[in-house]
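Please read the structure below before turning to the comments.
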Number of protein chains: 2
Amino acid sequence: MTVPANRAAHDRIFRILRSEIMQGEIAPGCALTIRGIAERFGVSMTPAREAVRRLGAEGALTPNKAGRVTVPQLSGRRIEELAAIRALLEPELAGRARPRAHMALIKRLAQINATCEQANVQNDAAGYVRANLEFHHTLYLRAQAPAILALVETVWLQLGPTMCASYARLQGAGATAHHRKAIAALKTGDEAVLKEAIRADVTRDLHGLDGHRAGF
Amino acid sequence: MTVPANRAAHDRIFRILRSEIMQGEIAPGCALTIRGIAERFGVSMTPAREAVRRLGAEGALTPNKAGRVTVPQLSGRRIEELAAIRALLEPELAGRARPRAHMALIKRLAQINATCEQANVQNDAAGYVRANLEFHHTLYLRAQAPAILALVETVWLQLGPTMCASYARLQGAGATAHHRKAIAALKTGDEAVLKEAIRADVTRDLHGLDGHRAGF
DNA sequence: GCCCTGGTAATGTGATCACGAACCGGGCAT
DNA sequence: ATGCCCGGTTCGTGATCACATTACCAGGGC
């Protein structure tokens with residue numbers, strides 16, 4: 001019973017919840033209960049608690065007043081910070097991926113960007129966020145920099161719910177133009193242009209978010 | 001019994017272990033057992049397990065083959081990555097702290113740097129690492145950027161054991177010169193010089209580490 | 001009508017137990 | 001002598017139970 005399918009139950013629950021949070025499937029401010037998670041996955045409280053604990057350590061969940069945990073409602077200041085982190089780390093990842101990027105990867109990125117545009121046309125917020133993350137993730141995997149990528153992913157995890165919830169205000173604003181610019185820079189091998197395209201893409205994503213919740 | 005001192009037992013254990021790991025008091029490669037931790041702190045397995053889980057989520061502990069956890073032995077490549085992260089994020093924090101740095105803070109930093117030099121003279125590895133971290137932490141606290149600071153601290157957490165273990169090879173190499181340069185830049189308010197001093201300090205710390213363990 | 005107070009339900013915390021897997025040792029067969 | 005098997009020990013995993021704390025709501029007093 002300890003290892004039913006492939007890995008431990010707490011790890012399975014952690015991965016599922018993490019993916020759901022990163023893709024914005026759980027609204028900000030939504031409170032999660034350990035007993036509720038345990039019941040949903042058909043397990044006891046123990047593995048559910050450990051999954052919640054790990055998510056809390058990554059900043060995906062914030063402790064409430066009474067030990068409860070919720071998907072955090074990010075303040076404008078915090079969003080700006082997270083955007084600054086993305087603007088610093090992601091161009092670095094792109095720069096490291098560039099020398100290793102072959103044609104197959106570039107074609108794959110173009111495909112993902114097409115999915116991205118399609119979701120954008122269909123006003124599919126979750127689909128857009130998912131495809132956008134896949135685009136960046138696919139590129140950064142080539143950087144062979146797991147430590148940096150892990151850090152960036154924790155930032156995505158914190159931004160995911162808010163980005164998805166605020167999708168409306170950034171939709172249609174040339175969402176995929178920066179992606180195309182990055183793909184073009186990959187083809188020509190121009191690292192400076194690539195880094196700038198990624199930086200612009202990242203800050204554009206966040207400009208729509210930053211400020212509109214400045215009060216809290 | 002639920003709240004012995006001030007907070008939950010698992011949180012207390014987490015904080016103590018995290019501090020010990022960050023300051024290099026636990027050697028890399030050292031394996032920790034949940035039962036051992038529970039026995040050491042006089043609690044049951046449950047809170048010990050949660051503390052280990054949180055530390056694992058922050059990268060302070062890595063899972064072994066059989067689910068056991070150890071303080072990670074960083075590869076040369078990973079050290080280079082973590083150094084790159086520090087070189088990107090810490091100048092940003094210093095730049096944000098500069099406009100808010102008053103004379104009291106600068107004096108405090110000078111005091112901490114004196115402690116740093118003293119530990120360096122006495123070949124006190126743990127003391128040097130601790131004072132060095134306190135120097136950076138004190139400066140970055142003024143940046144009012146908790147999200148970035150939290151990320152940088154997880155990097156310190158991962159680097160702590162290796163930095164402390166490899167202290168010998170970087171001792172005496174003008175360890176505190178960059179600190180003095182940063183303090184001078186704070187006095188004159190020159191942001192570019194401050195950022196460069198921090199960047200040089202961070203990369204200097206890691207140059208001694210990078211490469212000597214490149215094999216693993 | 002409003003606020004305070006008491007009780008009940010819900011939830012987190014932690015201990016204990018049972019189970020399974022991995023590691024380590026000695027003993028036996030070849 | 002060496003390789004293999006088999007037993008015990010150690011440890012992580014997960015379930016269950018007991019307890020403290022907190023939130024929520026209803027009822028009564030001012």
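Residue numbering restarts at 1 for every chain, and letters A, B, ... go by the order of the sequence lines. Being a predicted model, the structure only gives us computed values, none of them experimental.
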Length of the CZ-C1' vector between R53(A) and dG14(C), whole Å = 11 Å
Just how far, in rounded Å, is P of dT10(D) from CD1 of I37(B)?
-> 18 Å
Hey, are E50(B) and R49(A) close enough for a salt bridge, meaning a charged N less than 4.0 Å from a carboxylate O?
-> yes
Measure from CG on L32(A) to P on dA10(C) and round the result to the nearest Å.
-> 18 Å
Taking N and O atoms by type only, does the side chain of R35(A) place a donor or acceptor under 3.5 Å from a partner on the base of dG12(C)?
-> yes
NZ/NE/NH1/NH2 to OD/OE distance under 4.0 Å, R96(B) and E92(B) = yes
Closest to the A8(A) side chain, choosing from dC11(D), dG14(C), dG14(D) | dG14(D)
Is the phosphate of dT13(D), meaning OP1 or OP2, less than 4.0 Å from a side-chain N or O of R68(B)?
-> no
DNA chain C: E50(B) or M45(B), which has the more 5' nearest nucleotide?
-> E50(B)
Nearest non-hydrogen partners of M22(B) and E153(B), listed with the distance | CE-O, 4.0 Å
Can you tell me how far P of dT21(D) sits from CG of N64(A), to the nearest Å?
-> 19 Å
In whole angstroms, how far is the P atom of dC17(D) from the CD1 atom of I34(A)?
-> 18 Å
Charged N-O contact under 4.0 Å between E58(B) and R18(B) = yes
Per atom distances to the V43(B) side chain, the nearest of dG14(D), dC11(D), dA15(C) is dA15(C)
Kindly say whether, by distance alone, the side chain of R49(B) makes a donor-acceptor pair under 3.5 Å with the base of dG12(D)?
-> no
Rounded to the nearest angstrom, tell me the gap between atom CD in E39(A) and atom C1' in dT11(C).
-> 13 Å
Any donor-acceptor pair under 3.5 Å from S19(B) side chain to R15(B) backbone | no
Whichever of T46(A) and V69(A) has its nearest DNA chain C nucleotide further upstream toward 5' | V69(A)
Candidates dG14(D), dT13(D), dT13(C) - which lies nearest the side chain of A9(A) | dG14(D)
dT13(D), dT11(C), dA15(C): which one has an atom nearest the side-chain heavy atoms of S44(B)?
-> dA15(C)
